[in-house]
S.K.: 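Mind looking over this structure? Questions follow.
A, B, ... follow the sequence lines: proteins, then strands. Residue 1 opens every chain.
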Number of protein chains: 2
Amino acid sequence: MSYTVNKLARISGVSARTLRFYDEIGLLKPAFYGDNQYRYYEEEQLLMLQQILFFRELGFPLSDIQQILGSDDFDKIESLKTHKSILQSNLEQTETLIKTIDKTISHIRGKLIMRDAEMYDGFDPKKQQEHEKYMLDSGIISQQQVDDSWNKVSHWKKPNWEQFQNEGEQLNQDLTKAMKQGLKPESEDTQILIQRHYAWVNNFWTPTKETYIGLGKMYLDHPDYRSFYNKYHPDLVEYLVSAMNIFAERELS
Amino acid sequence: MSYTVNKLARISGVSARTLRFYDEIGLLKPAFYGDNQYRYYEEEQLLMLQQILFFRELGFPLSDIQQILGSDDFDKIESLKTHKSILQSNLEQTETLIKTIDKTISHIRGKLIMRDAEMYDGFDPKKQQEHEKYMLDSGIISQQQVDDSWNKVSHWKKPNWEQFQNEGEQLNQDLTKAMKQGLKPESEDTQILIQRHYAWVNNFWTPTKETYIGLGKMYLDHPDYRSFYNKYHPDLVEYLVSAMNIFAERELS
DNA sequence: TCTTGACCTTGACGTTACGTCATTTGTTAT
DNA sequence: ATAACAAATGACGTAACGTCAAGGTCAAGA
């Protein structure tokens, strides 16, 4: 019962090219060649091949496998031991690489959060921290909420940020338009816009009646926010905040 | 301050060939080429190179590095994440490989111990077990000592075994010679040989006066041992055992 | 000015373990 | 006989450089 290349390839799971290559480098010679130069393998070669594949899966280079299969059991054990220690140092190596990757990811994320924190409202990270401090000190939000908020956005992807910024931009434009049209802050249309504002803020945290009013107060108190909203219209902050107060009284608790 | 290839190579720790290669594949072009075709790099390229090397150490292929360095931080994080998961599956893979190696080592060791157990005294493993049983039953050694003995030899390397066998062979020949010369078992020369026998047995376990005598008794009782020593001389067993008894009485306790 | 030695250049082949053609010859089935 | 299939050889491609080889360039001393 002799196997031809493709038959042996199929039953052993390697390619015919591989068998030809092993023949070429002298790792596994066929049992004999036919008059047609065809390679014919037998059981013995099949067993040999299985040994080869075993060591190959362990990651031994073919040259080592050659020498290992020609050596006795003592030397096999030695080879296995040294190979094992190589694998073990690979393990450690890979573990530190993974740690490095983790550190790099959080580093980049830190940069990104800073950058985006600046981008979405036009304030630089230091000012952002001031605002946080203000909100903490004035009891608008708790430290826990600050942390939750950062955790929330740190998982955001690019599209999230873009959508978030677009929503904010659109909202402010719509508010400006409503104000210019002379709509009262308590008007239904404006309140619908404030509903959108509330939902928008929910991207970070969920204000209560009290803290939503506090947020409005911060808009008024802080020159950074004033100048931000002044880009749309000088009266926009007051308009927005009074509408927010009405919304808070009517809808929040 | 422009660096030439070798200078940049030295300060960055890569080879000049590597820099030329990176230029070739467009990964890191020099700041400019001189009229002499020399490559000149500047700080910017040094920083770039350090980025490249960072990702290279993480195991990224150069083609990926190209694309990563051209992408923004979001995509970098994504690349790092996917690379991390690749590394993690490598970890698992390697761990199972190590386990496989361990299993293979102990498998081969098992075979070896069997084979060597046969080789060193010419008995096959089953008979060896009989002898162990005999020695256990007759109180020559304890189960603990049997285990210790196997543990001892299972760490042996090829040279150990060869030396051990050579020592035994030499000792038996010397004993035969002494016997043929008409030396009495209690003669000093013969007792020195027995001293060697005692030391030889110590390769496995440390007999007491009583157990050393028991071992001699086994040599006499067991046909396997008789036929083993008969290869040297039909009277060798009796000669050896009586010398062992004298040694035990005089030297052991 | 000439030479020397250090430094630079561009090839081009070698490495690992095959994959993937292209081309040709051999076998088998209809 | 002819088509379809199987096997052969040969050669190039892969990744990331290492390692020559052969030849230009630069700074410095004689």
S.K.: What is the distance from OH of A:Y22 to C1' of C:dC18, rounded to the nearest Å?
M.R.: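 It is 8 Å, rounded to the nearest whole Å.
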S.K.: Does the side chain of A:Q66 come under 3.5 Å of the side chain of A:Y22 through a donor N or O and an acceptor N or O?
M.R.: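 No, A:Y22 and A:Q66 have no side-chain donor paired with an acceptor closer than 3.5 Å.
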S.K.: With no hydrogens and no angle check, just 3.5 Å: does a side-chain donor-acceptor pair link A:T82 and A:S85?
M.R.: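 On atom types as modelled, these side chains do not qualify, holding no pair under 3.5 Å.
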S.K.: To the closest 0.5 Å, what do you measure between NE2 (B:H107) and CG (B:D102)?
M.R.: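 It comes to 14.5 Å.
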S.K.: What is the distance, to the nearest angstrom, from the CD atom on B:E57 to the C1' atom on D:dA16?
M.R.: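 To the nearest whole Å, that distance equals 15 Å.
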S.K.: Would you say the side chains of B:Q45 and B:Y3 form a donor-acceptor pair under 3.5 Å?
M.R.: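 Their side chains do not contain a donor-acceptor pair, so the 3.5 Å distance test is not met.
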S.K.: Is A:R196 paired with A:D174 through a side-chain N to carboxylate O contact shorter than 4.0 Å?
M.R.: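 Yes, this pair counts.
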S.K.: State the dot-bracket string of DNA chain D. Criteria: Watson-Crick or G-U wobble, both atom distances under 3.5 angstrom; notation: ( ) intrastrand, [ ] crossing earlier pairs, | interstrand, . unpaired.
M.R.: ||||||||||||||||||||||||||||||
S.K.: Check the distance between C:dC7's C1' and B:L19's CG and give it to me in whole angstrom.
M.R.: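 Distance, rounded to whole Å: 14 Å.
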S.K.: Which letters describe nucleotides 1-15 of chain D, given B = protein heavy atom under 4.0 Å from base, S = only from sugar-phosphate, - = neither?
M.R.: -----BSSBBB----
S.K.: Please determine whether a side-chain nitrogen of the Lys or Arg among A:K76 and A:D73 lies less than 4.0 Å from a carboxylate oxygen of the Asp or Glu.
M.R.: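 Counted as a salt bridge, because a side-chain N and a carboxylate O are separated by less than 4.0 Å.
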S.K.: OP1, OP2 of C:dA17 versus side-chain N and O of A:T18: anything below 4.0 Å?
M.R.: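 For C:dA17, OP1/OP2 do not have a side-chain N/O of A:T18 under 4.0 Å.
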S.K.: Do the side-chain N and O atoms of A:N230 and A:Y225 include a donor-acceptor pair separated by under 3.5 angstrom?
M.R.: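 There is no such pair between these side chains.
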S.K.: Does A:Y219 have its ring centroid less than 6.0 Å away from the ring centroid of A:Y229?
M.R.: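 Judged by ring-centre distance (under 6.0 Å), A:Y219 and A:Y229 do meet the cut-off.
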